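Following: one structure in structure tokens, then a few remarks.
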Amino acid sequence: TYLLHSLHRGRFDLRLNRAGMYELFVFPGLYVVVGSAVGGGSTAYGGLLEAPRNPALWRGRHPDLDPGSIERYYDKIITDLGGVPLSHEQALPQSVWTHFPDATGRRCRPAEQQPHVALMIPPSRAEAGRLITFDSGLQRQYCAFDGDSFLGSRGGAKASVEFVYLAPVLNKGVTVRDLCQVTLIQRARPVDGEGSLVHFTDLATKTSTFARAKRVVLAAGTMNTVRLLFASVATPNGLAPMPALGRSFSANGDLLGIWQRKSARVSSFTSTPSQGAFTVEGHEAATYGLGGFPGLETWPLPSAVKRRLGKMFFMYGMGADSGSASVGCEGGHLRVDYDQRNEPIYDEVRAAFRVLSTESGDKSWAIGKPLTVHPSGGACLGPDAEHGVVDHRGEIYGNPGLFIADGAALPAAVGGPPSLAIAAWAHHVADGLAQSA
């Protein structure tokens, strides 16, 4: 009942639930689903932590940017989030190893190098759900394989931002205002002092007000950061123009599908969100993985439908698209000109899914129009204001004191799970802010 926060389609915007988990954007060539909560997309992600498939992601983007200043955070973030690589030795109800028990001579097989997963996997099935107290006083539970999923993580088994980074500092000067929606950012007038005015609406009290800050960091997620920037440039006394705003938008080559496993002995509800990565011989240009649907058993659905869902597993493919699409804004409504026919990665992923279906003997289905949960770009890192929106520090050109720390700043598609790259960029931006304080 709290699944969707809002639906956006053309000039139609419908808020369904102010406390909803997801926002859905419908464009002619693309669906986009993003998280909408304190903790952002991390509340709804699968917990996958993997270095960018594109090793040159940060190279040559700005003359003053040292790629190492971002890449050095990869290991720290994995440690912060308690990430461990998935393994056939772990006490998992099901995984790519149980789906592909004998990969000899097969084109589909478990990947030798598995992504790290930010999930507290119990040492044994007997310890599933056990409560752990950390040095900070924060308490989290081992995964119980019963709902730590894309619908959140009640006991904190999945390491999301609000558990790992926000909770420990709430009593140390940090204040979180939830159920507040930022609508506009303006440059402060001389009478208001330096900095920016952040206008927002409190959805609980239905009142609108603003806050002033010397430095403001945008981390609203790609779609909402870009939309907020368009609105703020267009308003009187708003932000300075951004010539490159909306360029180099990427859907990360995301393609989702369903694998119908009638022979599955364990329900897809009894699962971790991700069951591991697999490779498909002859289709190495993309990253592939399988997952279950923990949490969906709580939906108010007929038992026959739940039994059928329990035999279904989702499959995903991700790969670097061209980043040639762009985002525009008309009357406060975003538009995206994405066309999968211009992106060969989708043919590659669809062909790989067909191999999976043929080898397993179980039917699979891939969505027709791509649905991405990893949009990026639109306010990219670039060498100057004509070729990017932010500089090497994440500061928006022509708008001092305003920074971007989310996927909107990524200069190209990651080609795999982007959480680690986004978090590393955010750490890099925070570093610069701390050093200049």
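Quantities reported herein were computed from a predicted structural model and do not represent experimental measurements. Residue numbers count from 1 along this sequence.
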Determine whether more than 12 heavy atoms belonging to other residues, nucleotides or ligands lie under 6.0 Å from atom [atom1] of [X].
X    : atom1 : result
K369 : NZ    : yes
F200 : CZ    : yes
K76  : NZ    : yes
H199 : NE2   : yes
R9   : CZ    : no

Charged tip of K158 within 45° of Y45 ring normal and under 6.0 Å
no
Using every non-hydrogen atom in the two residues, find where [X] and [Y] come nearest and quote the distance to one decimal.
X    : Y    : result
G415 : R53  : O-CD, 3.5 Å
A366 : L255 : CB-CD2, 4.4 Å
L239 : I185 : CG-O, 3.7 Å
L290 : Y316 : N-CE2, 4.0 Å
L334 : M223 : CD1-O, 3.4 Å
F249 : T222 : CE1-CG2, 4.3 Å

Taking atom types as modelled, is there a side-chain donor on [X] or [Y] under 3.5 Å from an acceptor on the other?
X    : Y    : result
S6   : E23  : yes
R350 : Q340 : yes
D13  : H333 : yes
S326 : D337 : yes

Suppose we call two aromatic rings close when their centres sit under 6.0 Å apart. Are H99 and F278 close by that rule?
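No, the ring of H99 stays outside the 6.0 Å limit from the ring of F278, centre to centre.
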Determine whether [X] and [Y] make a side-chain contact, defined as any pair of heavy atoms from C-beta on separated by less than 4.5 Å.
X    : Y    : answer
F313 : D362 : no
L296 : F269 : yes
H374 : V414 : no
L301 : L309 : yes
V266 : T98  : no
Y165 : L81  : yes
S208 : T201 : yes
W58  : S69  : no

Check: [X] side chain, [Y] main-chain N or O, donor-acceptor pair, under 3.5 Å:
X    : Y    : value
Q275 : T272 : no
R61  : G382 : no
S271 : P273 : no
Q186 : P236 : yes
S248 : G377 : no
Q260 : W365 : no
R187 : G238 : yes
D148 : S153 : no
Q90  : P85  : yes
T298 : G295 : yes

Nearest-0.5 Å distance that lies between atom [atom1] in [X] and atom [atom2] in [Y]:
X    : Y    : atom1 : atom2 : value
I132 : Q141 : CD1   : CD    : 9.5 Å
I258 : F293 : CD1   : CZ    : 4.0 Å
D339 : S322 : CG    : OG    : 10.0 Å
D321 : T372 : CG    : OG1   : 8.0 Å
M318 : L256 : CE    : CG    : 8.0 Å
K311 : S267 : NZ    : OG    : 8.0 Å

Does the side-chain hydrogen bond (donor to acceptor under 3.5 Å, both in side chains) test come out yes or no for D431 and H428, once each step is laid out?
CA-CA 5 Å; D431 247 3; H428 167 75; 5.9 Å; no
For side-chain contact (heavy atoms from CB on, under 4.5 Å), just list the numbers for R261 and S268, CA-CA rounded to whole Å, side-chain angles, deciding distance to a tenth of an Å, and then say yes or no.
CA-CA 9 Å; R261 294 281 282 162; S268 69; over 6 Å; no
Please assess S436 against R393 for the test side-chain hydrogen bond (donor to acceptor under 3.5 Å, both in side chains), listing each intermediate value before the final yes or no.
CA-CA 11 Å; S436 63; R393 300 166 301 170; over 6 Å; no
Between F27 and F25, how do the two ring planes meet: parallel, tilted or perpendicular, split at 30° and 60°?
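Because their plane-to-plane angle is under 30°, the rings of F27 and F25 count as parallel.
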Please state whether the rings of Y73 and H427 are parallel, tilted or perpendicular, taking 30° and 60° as the class boundaries.
tilted
Of L49, L86, I78, which meets side-chain contact (heavy atoms from CB on, under 4.5 Å) against V117?
L86
What residue among L218, L402, N399, I396 forms side-chain contact (heavy atoms from CB on, under 4.5 Å) with V390?
I396
From CA spacing to verdict: side-chain contact (heavy atoms from CB on, under 4.5 Å), R140, V164:
CA-CA 10 Å; R140 295 170 58 197; V164 175; 4.2 Å; yes
Given F314, which of F150, F353, W259 fulfils the ring-ring contact (aromatic ring centres under 6.0 Å, His included) condition?
F150
Apply side-chain contact (heavy atoms from CB on, under 4.5 Å) to residues Y31 and V26 and explain how you reach the verdict.
CA-CA 5 Å; Y31 296 108; V26 180; 3.9 Å; yes
L151/L3 under side-chain contact (heavy atoms from CB on, under 4.5 Å): CA gap, chis, key distance, verdict:
CA-CA 8 Å; L151 302 178; L3 183 66; 3.7 Å; yes
